[in-house]
Amino acid sequence: MDVATQSKLQEVLAPFKGKKGVTIAVLQKVQAELGYLPREAIEEIGRTLKISPSEIYGVITFYAQFRTTPRGRHIVRVCRGTACHVRGGAAVLDQVKRELGIEENESTPDLEYTLETVACIGACALAPAMVIDEDTFGQMTPGKVTDLFESRRKGKGNEPA
Amino acid sequence: MSQHESSPKTNGGKRTVLVCQGTGCCSSKSPQITEALRKEIEAQGLSGNVEVKLTGCHGFCERGPIVIVEPEGIFYCGVKIKDASEIVQSHLRDHKPVERLFYKDPTTKQAVPRYADIKFYKEQQRLVLRNCGHINPENIDDYIAAGGYQGLAKALKEMTPDQVIEQVTISNLRGRGGAGFPTGKKWTEARRSKRTPKYVVCNADEGDPGAFMDRSTLEADPHTVMEGMIICGYAIGSSEGYIYVRAEYPLAVKRLRIAIKQAEERGFLGKNILGTGFNFTLEIREGAGAFVCGEGSALMYSIEGRRGMPRVKPPRSVESGLWGMPTVLNNVKSFAVIPLIILNGGKWFASIGSPNSPGTAVFALTGKIANSGLVEVPMGATLRHIIFDIGGGLQGGKEFKAVQTGGPSGGCLPASQLDLPVDFDSLGKAGAIMGSGGMVVMDKRTCMVDVARFFLSFTQDESCGKCNPCRIGTELLLRVLERITRGEGKPGDIELLEDWAQTIIKTSLCGLGRSAPNPVLSTIRYFRDEYEAHINEKRCPAGVCKALVTFGVDEEKCKGCGLCVKNCPVGAITLIEKKKPVKLDPEKCIKCGTCIENCRFDAIIVR
């Protein structure tokens, strides 16, 4: 970790010192800042919270949200919920895979995108749904997926034709 | 009492334009629509007479973005940014509502201008969702104007903790998280405990895929849940509460933070609440993506910052919960009705719904249904009423095949069960469960073996791994189901599934494992013929299981409209000549079914 990252980490950890039951909240904060949870950060968190790194690692691997490897600049999450499933969510996921050339939990070589699936984003009435970063897209079809990524590639943002 | 009585409709003579900003409508640009409406209202010089207000979810997300104009109650759906100027000029300025944005009834095809007349809303009785879509969730004054915090004031100033619990007990409110445990009993036991500190925890870890009512409630009316929790704190003698929310619900978390801050400023939270000497604080804890954390003991470990693995019970959480102390854990919807029970009395609540399951039930009606959205009805309403009268039947008038209730722990019910009254007990007997209230409607294009496989892949993935029956059992069930959907099923597989399912149910540690086989057992019980077709004939009747089907074009039915050609994601269909049947290349075809969804002539054949 470079000096800047180290000082940022200290800044994030400071308000949590001496508090009980904050491991998950700390990991969420650190991941939000650094993009993922590098080993050095885990060790530093352990020292701050007075918990062993192995215990923290146990928490990290238990929850779907945490990552120990770098992720892409944009996170694409395709919903695998029941409503999405019966309305063709699998075809939407397949199309995203084809568009990005990657499988679930992989990142594109240029680290532009990481593809994840999520059990349910609670946008069931808009099924099938997917999310890019903070933006939700509803009533998707394989065709709309292609349009969406084409529009993003052309620098037009999330404005599918 | 209906949703309309409690909502602040008249606004000091001003007209109000309510714009939904739930997750659904936000995804179709409702924040930008709000801005456009504001600008146009100003441009037309109407600012003095009209107020634009953001609201939470109306529960009719599929028709979003939704805009309502009060006091006339005109309901616009599918509103686009460019429609803003017409709504302002035609409706607000010239008093001519914009008819083309009215909701059209899927059955009668008639336009319905007022939301009170729309069947989807008319047939509902909204208690939990009473304020949703009618107040601004980011403004505590709106909640107070709708009668908010009066229940708390009554409890603190006019009732003893025992009297509060007495009313909750009389109401016979059963836990809305799905298991239906009597809330009054839980609170009584927590109050009796001499150990302190005690905790109040709200379970907003809505993990069931297909359910989103807790998310919508928190996004649209966070204060009602908080008010219920503060009343609970007073009743059991606790001064600390936690709301455990899924990480996937950022908007709900944001609105809760605003609501907590406002409630603290107004003295509904913190020290010496309403001058009565009662103290209570609330903290939000965000989950980190683990379905099993919806289970009580796992949820509490997660709040403590640990791996969320369930433990053996007893002791139950009212004896030993968060940090080993007495804890009341209730669902979002349970807390949301508490203020009403205090205000109107337990007897009032007990008179709604069915005798053993009083009150209302909230369902997330989704899947192949015409009106997708949130539905709140008295307990005991039939599936038919919910799906056909409120839900408007299936999309495109297709034939009903099954409804899946209760998420991964629930079951699939066929048409023969449509007259089943929906409450905790009846659903259980039919092989499904109430669960968190997900209700996914399926038509003939849904393969029931694939649905069972889908749920098992979910529970297998989400099993925490602590106990063998669940960790290994769900994996075994999944392998057999995958084999069957790949066309490699063997005679005896059905019996094997049933046998293993019983073992898993009997020996798993927590509710996740004990209910994981339900989707398998209920699909075998009601759709055994589909399993047999897969195993014996290597055929998928619904045309879903890719290994078992090939797609083709019915040349007699195909009109050559080219819709499938345009929508095929892999270019497997070509239009040789206009108005002549299209050609489908089986080599290129990925069997995604997009062409079937798009064909208006039923011309795609699946063999």
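Chain identifiers are assigned alphabetically (A, B, ...) following the order of the sequence lines, protein sequences preceding nucleic acid strands; residue numbering begins at 1 within each chain. Any value given below was found using the heavy atoms of this structure, including those in side chains, with hydrogens, waters and symmetry copies removed.
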Heavy-atom proximity to chain B below 4.5 Å, by part of [X]:
X: L126(A); value: side chain
X: A119(A); value: both
X: V118(A); value: side chain
X: D135(A); value: neither

Determine the option with the most heavy-atom pairs under 4.5 angstrom with chain B, choosing from [options].
options: A125(A), A129(A), G138(A); value: A125(A)
options: P128(A), C124(A), G81(A); value: C124(A)
options: V59(A), T82(A), T141(A); value: T82(A)
options: R77(A), E134(A), R80(A); value: R80(A)
options: Q65(A), Q28(A), R87(A); value: R87(A)
options: G143(A), G58(A), A123(A); value: G58(A)

Heavy-atom pairs under 4.5 Å with chain A are the metric here; pick the option from [options] that has the most.
options: M213(B), E62(B), K566(B); answer: E62(B)
options: G207(B), G367(B), C61(B); answer: G367(B)
options: Q404(B), R285(B), M442(B); answer: R285(B)
options: A247(B), C592(B), G210(B); answer: G210(B)
options: G24(B), P250(B), G308(B); answer: G308(B)

Where does [X] contact chain A at under 4.5 Å (heavy atoms): side chain, backbone, both or neither?
X: F455(B); value: side chain
X: V544(B); value: neither
X: S302(B); value: both
X: M309(B); value: both
X: D461(B); value: side chain
X: R63(B); value: neither
X: L251(B); value: neither
X: A364(B); value: neither
X: Q395(B); value: side chain
X: C293(B); value: side chain
X: R307(B); value: both

Heavy-atom count check: over 12 atoms from other residues, nucleotides or ligands less than 6.0 Å from [X] [atom1]?
X: R39(A); atom1: CZ; answer: no
X: K29(A); atom1: NZ; answer: no
X: K50(A); atom1: NZ; answer: no
X: Y57(A); atom1: OH; answer: no

* To do: Could you check whether the rings of Y113(A) and H74(A) sit parallel, tilted or perpendicular, using 30° and 60° as the cut-offs?
  =>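 Y113(A) vs H74(A) ring planes: tilted.
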
* Asked: Taking the six-membered ring for Trp, are Y242(B) and Y199(B) parallel (under 30°), tilted (30 to 60°) or perpendicular (over 60°)?
  ->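 Tilted: the ring planes of Y242(B) and Y199(B) meet at 30° to 60°.
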
* Asked: With no hydrogens and no angle check, do the side chains of E206(B) and S436(B) hold a donor and an acceptor under 3.5 Å apart?
  ->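 No, because no side-chain N or O of E206(B) sits under 3.5 Å from a partner of the opposite role on S436(B).
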
With a 4.0 Å cut-off on N to O distance, would you call [X] and [Y] a salt bridge?
X: R257(B); Y: E286(B); answer: yes
X: D147(A); Y: K144(A); answer: no
X: E112(A); Y: R152(A); answer: no
X: R47(A); Y: E44(A); answer: yes
X: K154(A); Y: E150(A); answer: yes

* To do: Side-chain contact test, heavy atoms from C-beta onward, threshold under 4.5 Å: evaluate it for F149(A) versus I132(A) and give yes or no.
  =>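 The answer is yes, as the side chains (C-beta and beyond) meet within the 4.5 Å cut-off.
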
* Side chains of E106(A) and L115(A) in contact at under 4.5 Å (non-hydrogen atoms) ->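 No. Closest side-chain heavy atoms not under 4.5 Å.
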
* Asked: Under 6.0 Å from the six-membered ring centre of Y249(B) and within 45° of its axis: does the NZ or CZ of R246(B) meet both?
  ->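 So R246(B) does make the cation-pi contact.
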
